Amino acid sequence: MSVESDSSQVESLTSGSGFPTFPVAPGYRVNVRRGPGTSYTVLRVLPLGASVGIRCQCEGTTVTGPYGTTSIWDNIGNGEFISDAYVKTGSDGYITSRCG
């Protein structure tokens with residue numbers, strides 16, 4: 001896979017979402033899950049260098065990642081969640097509205 005196609009894939013994750021966009025931790029391919037926790041089904045895996053638009057946030061399973069330990073999960077699409085421990089939001093707390 002060429003670098004160009006990786007860039008297009010990353011771009012397609014964020015284009016036109018209308019939501020605040022944040023980078024995923026460099027060097028990590030993060031699981032996108034059906035709900036806010038590690039017990040939910042993995043729907044897909046984000047490519048290296050991805051950025052995500054955060055629609056809302058909610059509490060779920062506590063996860064430790066490159067940006068600390070948190071129980072906050074980011075909703076990045078319809079029924080798609082990733083742990084905030086892998087997203088560089090610049091905050092240890094909620095940065096947008098709560099889901100629900």
Side-chain angles (χ1 to χ4, degrees):
M1 186 177 242
S2 73
V3 173
E4 286 178 36
S5 63
D6 283 346
S7 296
S8 298
Q9 187 176 9
V10 169
E11 208 172 285
S12 71
L13 293 172
T14 61
S15 295
S17 73
F19 297 100
T21 303
F22 302 93
V24 173
Y28 288 88
R29 293 177 45 84
V30 178
N31 290 331
V32 177
R33 295 184 178 272
R34 187 175 299 283
T38 55
S39 63
Y40 288 90
T41 304
V42 175
L43 300 172
R44 60 191 172 101
V45 179
L46 296 177
L48 293 173
S51 289
V52 293
I54 300 177
R55 295 176 169 203
C56 59
Q57 295 175 300
C58 60
E59 189 156 339
T61 306
T62 299
V63 172
T64 299
Y67 298 120
T69 300
T70 185
S71 61
I72 297 173
W73 284 71
D74 303 332
N75 177 272
I76 63 166
N78 188 21
E80 296 185 330
F81 294 83
I82 62 172
S83 171
D84 196 59
Y86 290 90
V87 182
K88 187 174 184 177
T89 62
S91 173
D92 288 337
Y94 288 87
I95 52 93
T96 190
S97 61
R98 293 199 185 204
C99 303

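All values reported here derive from a predicted model rather than from experimental measurement.
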Heavy-atom closest pair, residues R55 and S97: O-OG, 4.1 Å
Residue pairs fulfilling side-chain hydrogen bond (donor to acceptor under 3.5 Å, both in side chains) with at least one residue in residues 63-78, sequence neighbours excluded: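 Checked against side-chain hydrogen bond (donor to acceptor under 3.5 Å, both in side chains) - neighbours excluded - the pairs reaching residues 63-78 are Q57-D74, T64-T69.
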Can you list every side-chain hydrogen bond (donor to acceptor under 3.5 Å, both in side chains) pair that touches residues 22-36, not counting sequence neighbours? none
Kindly determine whether L46 and V32 satisfy side chain to side chain contact (heavy atoms under 4.5 Å, CB included), including the steps that lead there. CA-CA 7 Å; L46 296 177; V32 177; 3.7 Å; yes
Could you work out the complete set of other residues in the hydrophobic cluster of Y94, with links drawn between I, L, V, M, F, W and Y side chains under 4.5 Å apart? I72
For a quick test of your reading: what N or O donor-acceptor pairs under 3.5 Å do the side chains of residues 81-90 make, sequence neighbours left out?
from	atom 1	to	atom 2	distance (Å)
S83	OG	A85	N	3.2
T89	OG1	S91	N	3.3
T89	OG1	S91	O	3.2

Run the side chain to side chain contact (heavy atoms under 4.5 Å, CB included) check on V52 and F19 step by step: do they pass? CA-CA 9 Å; V52 293; F19 297 100; over 6 Å; no
Which pairs, with at least one residue in residues 61-100 and sequence neighbours excluded, count as a disulfide (SG to SG under 2.5 Å)?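 Qualifying pairs, neighbours excluded: C56-C99.
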Only counting residues at least two apart or in another chain, list the ones meeting ring pair (Phe, Tyr, Trp, His ring centres under 6.0 Å) with Y40. none
Using side-chain heavy atoms (C-beta onward) and a distance below 4.5 Å, is V30 in contact with V45? no
